[in-house]
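Position 1 is the first residue of the sequence, and the numbers go up from there.
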Amino acid sequence: MRGVALVTTGALAFGVTGMATALGKLEGNMNTVDVTDLIGAVPVPTSTDPSDPNAGQPMNILLLGSDQRDGENGAIGGDASGMRSDTTIVMHISADRSRVELVSIPRDSLVDIPSCTMTDGSTSSPRRNAMFNEAFAIGADKGGDMASAAACAMKTVMATTGVPLTDYAVIDFVGFIKMVDALGGVSMCIPTDMNSSDAGLDLTAGWHTLDGSTALAFARARKGKGLGDGSDTQRLGRQQEFLSAMAKTVFEKNLMTDVTSLIRFLDAATESVTASPNVSSVPSIGGLAFSLRNISTSDITFMTIPWGAAPSDPNRVVWTSEADVVWDNLANDRPMLGVEEAVDTSAGADAGAGADAGAGAGAGAGAGAGADAGADPAAPAPPPVPEPAATKKAGKEAFSASDVTATC
């Protein structure tokens with residue numbers, strides 16, 4: 001008994017020490033940059049819950065994919081000067097932690113970019129009717145650092161949408177690859193052969209488990225075989241499909257409830273991330289993951305902000321009046337598609353399911369009667385013919401991580 005007790009005590013002590021070491025390493029992984037002084041006062045989540053500093057507060061996090069080409073990123077993406085944000089997503093986490101909603105902003109959106117303050121105190125001139133992703137580039141070029149770039153992008157989003165951003169996170173090529181590889185890859189249905197020499201993508205139709213490098217090529221590819229019209233808006237749909245598949249992988253591996261596995265994943269995934277202090281600290285990350293433990297894939301929704309071709313330039317886009325509704329809902333912590341629409345859609349789906357079930361039952365009964373009338377009663381009934389799975393059009397309509405967006 002004494003030996004068992006000593007071994008158990010030693011194992012527990014080792015486990016606690018190992019966890020503390022892992023947490024300490026995780027804390028130092030991310031490059032934490034506070035941009036509060038550059039964007040002005042923003043809502044700061046306050047909580048009396050020591051396990052979750054953001055408890056009871058909605059969170060609006062700006063996710064930016066940077067194609068900065070320095071160091072390892074240059075070897076992956078090729079040589080290019082400056083920093084740009086080809087991927088921008090506003091992620092809303094509801095105060096009650098029942099919804100996670102992600103809205104993609106097309107980089108070619110024409111918006112008014114306000115004057116931005118840089119870390120050296122200088123300011124940029126406001127620009128009217130400019131491409132959205134110029135905001136990040138303005139901060140990077142004039143300020144010369146990630147803080148100025150992220151702050152200008154955040155200020156532009158808040159000025160054009162009315163959504164108060166609480167935080168931001170920027171991930172580069174290397175960080176994206178490490179995040180996917182830390183999951184052991186992400187399984188996806190590739191509905192058609194895809195090939196892009198520019199992105200280094202070559203996939204055949206069917207199910208594939210994408211490793212980090214292949215996933216990055218899939219997310220970056222715009223022009224080539226099986227990639228549609230080569231527009232950025234179609235690429236956004238594929239990026240949403242990948243994020244949906246990644247969410248499914250996280251749930252399948254129980255990362256939201258397995259603390260050890262979650263920390264191991266975050267350790268690898270956060271090495272190339274720059275983020276605001278509120279989302280880069282261990283208490284915040286752990287508390288947020290714990291508070292989201294009860295959501296399912298059906299509670300995670302993706303969409304591209306409603307847009308149309310710009311009258312001034314068919315290669316640019318402008319947001320439609322439906323976009324105003326989406327932004328207003330997010331700003332006020334309502335379901336982004338609206339409560340009534342969400343209820344009506346659900347009711348329609350239920351009614352459709354009921355009708356399909358009824359039709360299926362009727363068809364089955366009719367088939368059974370026919371079989372009884374003209375076949376051997378002892379012969380087994382033929383197996384039912386499966387209905388093709390309904391799919392959502394990623395990039396063109398909202399979908400949840402539990403919806404089917406491609407069939408193989």
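- Looking at Asn31 and Met146, their side chains never come closer than 4.5 Å, going by heavy atoms from C-beta outward.
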Stepwise side chain to side chain contact (heavy atoms under 4.5 Å, CB included) test for Ile89 and Phe302: CA-CA 10 Å; Ile89 297 174; Phe302 302 85; over 6 Å; no
Would Ser321 and Asp324 satisfy side chain to side chain donor-acceptor pair (under 3.5 Å), going step by step from the backbone distance to the final call? CA-CA 5 Å; Ser321 58; Asp324 296 335; over 6 Å; no
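- Within the cation-pi definition used here (under 6.0 Å to the ring centroid, within 45° of the axis), Arg220 qualifies as a partner of Phe173.
- Side chains of Thr119 and Leu38 form a contact here, defined as non-hydrogen atoms less than 4.5 Å apart.
- Using modelled atom types and a 3.5 Å distance limit, the side chains of Ser109 and Trp307 yield no donor-acceptor pair.
- A side-chain N or O of Thr214 and one of Asp211 form a donor-acceptor pair less than 3.5 Å apart.
- No donor-acceptor pair under 3.5 Å is formed between the side chain of Arg128 and the backbone N or O of Asp112.
- Remark: side-chain polar atoms of Ser196 are not paired, donor with acceptor, to backbone N or O of Leu201 under 3.5 angstrom.
- Atom OG1 of Thr117 sits about 10.5 Å away from atom NZ of Lys142, to the nearest 0.5 Å.
- A donor-acceptor pair under 3.5 Å is absent between the side-chain atoms of Thr301 and the main chain of Glu101, judged by distance alone.
- Applying side chain to side chain contact (heavy atoms under 4.5 Å, CB included) to Asp232 and the options Asp108, Asn315, Asn133 leaves one that passes, Asp108.
- Although no hydrogens or angles enter the test, the distance criterion places no donor-acceptor pair under 3.5 Å between the side chain of Asp167 and the main chain of Ser276.
- A side chain to side chain contact (heavy atoms under 4.5 Å, CB included) with Met158 is found for exactly one of Asn60, Leu165, Val163, namely Leu165.
- The shortest non-hydrogen separation linking Ala135 to Thr156 is CB-OG1, 3.3 Å.
- Heavy atoms from other residues, nucleotides or ligands lying under 6.0 Å from CG of Asp193 number more than 12.
- Contact check for His92 versus Val90: no side-chain heavy atoms found under the 4.5 Å cut-off.
- Side chains of Ser104 and Gln239: a donor-acceptor N/O pair is absent below 3.5 angstrom, by distance only.
- With contacts defined as side-chain heavy-atom distances shorter than 4.5 Å, the pair Val33/Tyr168 qualifies.
- A heavy-atom distance below 4.5 Å is found between the side chains of Pro106 and Ile305.
- No donor-acceptor pair closer than 3.5 Å links the side chain of Gln240 to the backbone N or O of Ala394.
- Between the side chain of Arg127 and the backbone N or O of Glu134 there is no donor-acceptor pair closer than 3.5 Å.
- A distance of 8.5 Å separates SG in Cys189 from CD in Glu241, rounded to the nearest 0.5 Å.
- Minimum interatomic distance between Asp120 and Ser122 (heavy atoms only, all atoms of both residues): OD1-OG, 2.6 Å.
- Here the OG1-CD1 distance, from Thr161 to Ile105, works out to 6.5 Å after rounding to the nearest 0.5 Å.
- Between atom OG1 of residue Thr123 and atom CE of residue Met118 there is a gap of 7.5 Å, rounded to the nearest 0.5 Å.
- Ring geometry, Phe218 versus Phe242: the interplanar angle falls from 30° to 60°, so the pair is classed tilted.
- The heavy-atom pair separating Ala151 from Val35 by the smallest distance is CB-CB, 4.1 Å.
- In this structure, Arg238 contributes its side chain and Leu227 its backbone to a donor-acceptor pair below 3.5 Å.
- Of the residues listed (Asn278, Val100, Asp333), the one engaging Met59 in a side chain to side chain contact (heavy atoms under 4.5 Å, CB included) is Asn278, and it is the only one.
- Residues Arg334 and Asp328 are paired through a salt bridge, judged by an N-O separation under 4.0 Å between the basic side chain and the carboxylate.
- Put simply, CG on Leu183 and OG1 on Thr249 are 6.0 Å apart, with the number rounded to the nearest 0.5 Å.
- Of all the heavy atoms in Ser124 and Pro114, the pair that sits closest is OG-O, 4.3 Å.
- The line from CE of Met154 to CG of Leu62 is 6.5 Å long, rounded to the nearest 0.5 Å.
- A salt bridge does not link Lys178 to Asp172: none of the charged side-chain nitrogens sits closer than 4.0 Å to a carboxylate oxygen.
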When you look at Ser312 and Asn129, which way does the side chain to side chain contact (heavy atoms under 4.5 Å, CB included) test go after all the steps? CA-CA 10 Å; Ser312 60; Asn129 214 35; 4.3 Å; yes
Candidate pair Ile300 and Phe251, rule side chain to side chain contact (heavy atoms under 4.5 Å, CB included), full reasoning: CA-CA 12 Å; Ile300 304 173; Phe251 278 90; 3.6 Å; yes
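- The minimum heavy-atom distance between Gly206 and His208, with the atom names listed, is O-CD2, 3.3 Å.
- Asp96 and Ser94 are linked by a side-chain donor-acceptor pair at a separation below 3.5 angstrom, with hydrogens and angles left out of the test.
- For the pair Ile113 and Cys152, the tightest heavy-atom approach, listed with the atom from each and the gap, is CG2-SG, 4.3 Å.
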